[in-house]
Structures are given as structure tokens and as C-alpha cells.
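Notes to accompany the following structure.
Atoms within each ligand, like the ligands themselves, are counted from 1 in listed order.
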Amino acid sequence: MRIDVHTYTNRFADNKLHSCTAIVIDVLRATTSIIRAAQNGALKIIPTKEPGDAASVAMNIGARDCVLAGERGGIRLPGFDIGNSPLDFSHELVSGKNVIFCTTNGTQAICGMSGAANLLIGAMINRTAVARRAVELGQDIVIMCAGTDGRFSADDICAAGAIIDAIYSFVGRIPTDDCGIVSHLLYRDWLENRIDLDSTLHCSRLIRLGFGDDVKFCFTPDVTDVVPFLKDGVITV
Ligand code: 3SL
Ligand code: MG
């Protein structure tokens with residue numbers, strides 16, 4: 001077993017995906033929101049690439065049974081029920097509902113990795129649980145960081161390192177590529193308060209937009225054991 005970490009711009013060769021467990025991370029904020037929706041009883045979460053696709057899926061299922069969620073530029077899409085604040089995916093709103101979800105980077109990365117043998121949704125809030133599940137599946141692990149607007153994003157790399165740290169705690173230091181090694185170092189520095197990610201591209205943008213509480217929640221380790229997974233285009237637990 002080995003671990004490779006990729007950013008969405010540096011995609012894993014598709015022909016190897018079918019024999020790997022992929023963990024997709026968009027810690028700010030899409031995968032954190034998906035995990036919280038699953039934790040709060042959403043029946044299923046359907047990731048889509050374009051707002052129009054999300055609206056059509058919701059129309060086919062029936063608006064009463066759906067929560068339409070998504071953002072562009074971090075802001076709720078017009079006509080959508082909620083944006084992409086994990087704190088909005090409450091039990092009252094999503095329990096028993098289908099969440100149709102469209103975000104700038106996160107849902108794109110999930111859809112792009114659908115060829116993996118197993119596709120798990122990871123973030124800081126489920127880091128130990130997602131690591132345990134990936135180890136149990138016994139295949140090579142590819143961590144795909146969604147990044148921000150096609151660019152490397154330190155928040156995702158730090159969360160990747162958090163998951164790698166948990167994987168190492170289960171199976172020891174298995175072979176890991178350079179991006180994985182650096183992710184792990186970044187996470188250890190962050191954990192031991194040697195660095196602060198607030199000034200990085202996506203953190204600072206969200207804080208400026210008034211989503212500081214989301215940033216705090218997204219960086220809280222091990223809030224839940226829920227590990228959503230994608231099968232046939234649908235995310236469930
Ligand atoms: O790009 C995404 O998928 C989002 O998570 C970005 S934002 O946090 O809503 O800005
Ligand atoms: Mg992000």
C-alpha cells in the first residue's frame with residue numbers, strides 16, 4: 001500500500017484509478033459540507049458540475065424532497081436554498097432529504113475522480129475515520145486535493161497531511177510521494193501552532209467574506225466518524 005497526493009490540476013492518471021481508493025478533499029468547504037450533511041441525515045448527496053445541472057436534478061426528483069446547495073465565488077447561487085457553509089447543513093434542513101450540490105472546486109474534483117475503485121469524502125472533521133476506512137479497503141490510496149480555482153491550496157494540503165498522519169498511526173510510515181511528505185510536514189507544523197493558515201488564499205478570502213466561523217469548523221479535527229462515499233454518481237454513508 002502507498003499514498004500519493006495530487007492537486008486537481010495535476011490529475012492522477014485515470015488508467016490507474018480503477019485499482020485505488022481515492023480520498024477527495026475540499027476542506028474549505030465542499031467536502032466538509034458533504035460530511036456534515038451526511039452526519040445530519042441527508043438521504044443522499046448528488047454532486048454536480050454546473051448550477052444548471054443541479055437545478056435539473058432537483059426538478060426531476062421534486063423540489064420538496066431536495067435541498068439545492070451551492071456557490072460561486074463562495075456566495076450562495078441565486079435561487080438555491082443554501083450556499084456552501086457547513087454550518088447550514090443542519091439536521092432540521094437536510095434530514096431525510098436529497099442534497100443536490102454544486103460548488104466551484106469540490107464537486108468538480110469529486111466528479112473527476114468517479115473512476116476510482118472506491119471514492120471516499122475526506123476532510124479535517126473526519127480525518128481519522130476516513131483514514132481508517134481507506135486502510136481497511138487495502139488498496140493504494142490517492143488523495144485528491146480540489147485546490148482553489150485550479151490552483152494549489154494550502155488548506156487542502158494541510159488536511160491531506162492530517163489524513164496521512166492518521167494513516168501512519170494505523171499502518172506505520174508506508175511509501176508516500178513528495179507531495180504527501182510535504183503535506184504531512186505542513187500538518188505537523190499547523191498542529192503544533194508553528195504556522196497559521198489564515199493568510200493563505202482561500203482562508204483569507206472566506207474570512208473576508210464573513211465566513212470565519214466556517215473556517216474554524218472546517219479545521220476542527222475528528223468531529224465525526226462519518227465517511228461518505230460516492231457510488232454511481234451518488235454520495236451516501
Ligand atoms: O470550490 C468549492 O468547492 C468551495 O468549497 C469553495 S467555497 O469555500 O465555497 O468558496
Ligand atoms: Mg477549497
Side-chain angles (χ1 to χ4, degrees), residues 5-11 22-38 42 45-54 57 67-89 93-94 99-114 119-127 130 143-163 179 183 186-187 190 197-220 228 230 235:
V5 176
H6 291 252
T7 62
Y8 192 54
T9 45
N10 166 21
R11 295 181 56 176
I23 302 174
V24 178
I25 299 175
D26 182 12
V27 68
L28 295 176
R29 295 169 291 172
T31 58
T32 305
S33 292
I34 289 170
I35 295 160
R36 186 151 153 87
I45 299 130
I46 302 181
T48 60
K49 289 185 178 173
E50 296 300 331
D53 302 340
V57 174
V67 174
L68 196 49
E71 58 68 43
R72 282 297 179 263
I75 305 296
R76 175 164 62 96
L77 281 157
F80 278 44
D81 301 311
I82 54 175
N84 185 21
S85 287
L87 302 174
D88 286 349
F89 291 74
L93 188 74
V94 303
V99 175
I100 320 298
F101 201 27
C102 180
T103 72
T104 312
N105 308 285
T107 58
Q108 316 284 334
I110 294 167
C111 296
M113 294 296 279
S114 59
L119 192 158
L120 310 178
I121 304 297
M124 196 67 99
I125 64 166
N126 72 347
R127 71 167 201 116
V130 75
I143 301 180
M144 177 54 74
C145 298
T148 300
D149 304 333
R151 293 160 75 183
F152 168 101
S153 208
D155 47 293
D156 289 335
I157 300 295
C158 184
I163 293 170
C179 191
S183 307
L186 180 73
Y187 167 68
W190 173 81
L197 295 178
D198 283 3
S199 63
T200 58
L201 175 72
H202 199 36
C203 278
S204 61
R205 183 199 289 169
L206 287 175
I207 292 167
R208 253 191 336 270
L209 288 171
F211 295 123
D213 286 349
D214 282 2
V215 173
K216 275 201 198 96
F217 178 74
C218 291
F219 276 102
T220 310
L230 180 87
I235 299 170

query: Should one rank Leu28, Thr107, Thr103 by closest heavy-atom distance to atom 3 (O) of ligand 1, which comes out on top?
result: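 The nearest heavy atom belongs to Thr103.
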- prompt: What is the closest protein heavy atom to atom 1 (O) of ligand 1, and at what distance does it sit?
  reply: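 Going atom by atom, the protein heavy atom closest to atom 1 (O) of ligand 1 ends up being Asn105 ND2, 2.5 Å.
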query: Which class fits the ring pair Phe101 and Phe89: parallel under 30°, tilted 30 to 60°, perpendicular over 60°?
result: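 Rings of Phe101 and Phe89: perpendicular, over 60°.
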Flag for Asp214-Ser85: side-chain donor and acceptor within less than 3.5 Å: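 A donor-acceptor contact under 3.5 Å links the two side chains.
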- prompt: Are Asp198 and Lys216 within salt-bridge range, i.e. N to O under 4.0 Å?
  reply: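 Here Asp198 does not pair with Lys216 in a salt bridge, since their nearest N and O are not under 4.0 Å apart.
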Counting each atom of ligand 1 from 1 as listed, which ones have a heavy atom of [X] under 4.0 Å away?
{"X": "Thr104", "value": "1 (O), 2 (C), 3 (O)"}
{"X": "Gly74", "value": "9 (O), 10 (O)"}
{"X": "Gly106", "value": "1 (O), 2 (C), 3 (O)"}

- prompt: His202: heavy atom below 4.0 Å from ligand 1, yes or no?
  reply: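 Judged by the 4.0 Å heavy-atom criterion, His202 does count as contacting ligand 1.
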So [Y] and [X], do their side chains get closer than 4.5 Å, heavy atoms only?
{"X": "Trp190", "Y": "Met124", "answer": "yes"}
{"X": "Arg205", "Y": "Asp149", "answer": "yes"}
{"X": "Leu119", "Y": "Val24", "answer": "yes"}
{"X": "Ser204", "Y": "Ser199", "answer": "no"}

Please work out whether any backbone atom (N, CA, C, O) or any side-chain heavy atom from C-beta onward of [X] is under 4.0 Å from ligand 1, and answer side chain, backbone, both or neither.
{"X": "Arg29", "answer": "both"}
{"X": "Asp26", "answer": "side chain"}
{"X": "Asn84", "answer": "side chain"}

query: Does the pair Thr107 and Lys49 meet the rule for a side-chain contact (heavy atoms from CB on, under 4.5 Å), with working shown?
result: CA-CA 6 Å; Thr107 58; Lys49 289 185 178 173; 5.9 Å; no
field: Asp26 atom (N/O/S) at minimal separation from the Mg ion (ligand 2)
entry: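 Checking each N, O and S atom of Asp26, the shortest distance to the Mg ion (ligand 2) belongs to OD1.
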query: Does Leu28 bring an N, O or S atom to within less than 2.8 Å of the Mg ion (ligand 2)?
result: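 Given the 2.8 Å cut-off, Leu28 counts as a ligand of the Mg ion (ligand 2).
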- prompt: Looking at ligand 1, does any of its N/O atoms fall within less than 3.5 Å of an N/O of Ala30?
  reply: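 N/O-N/O distance below 3.5 Å exists for this pair.
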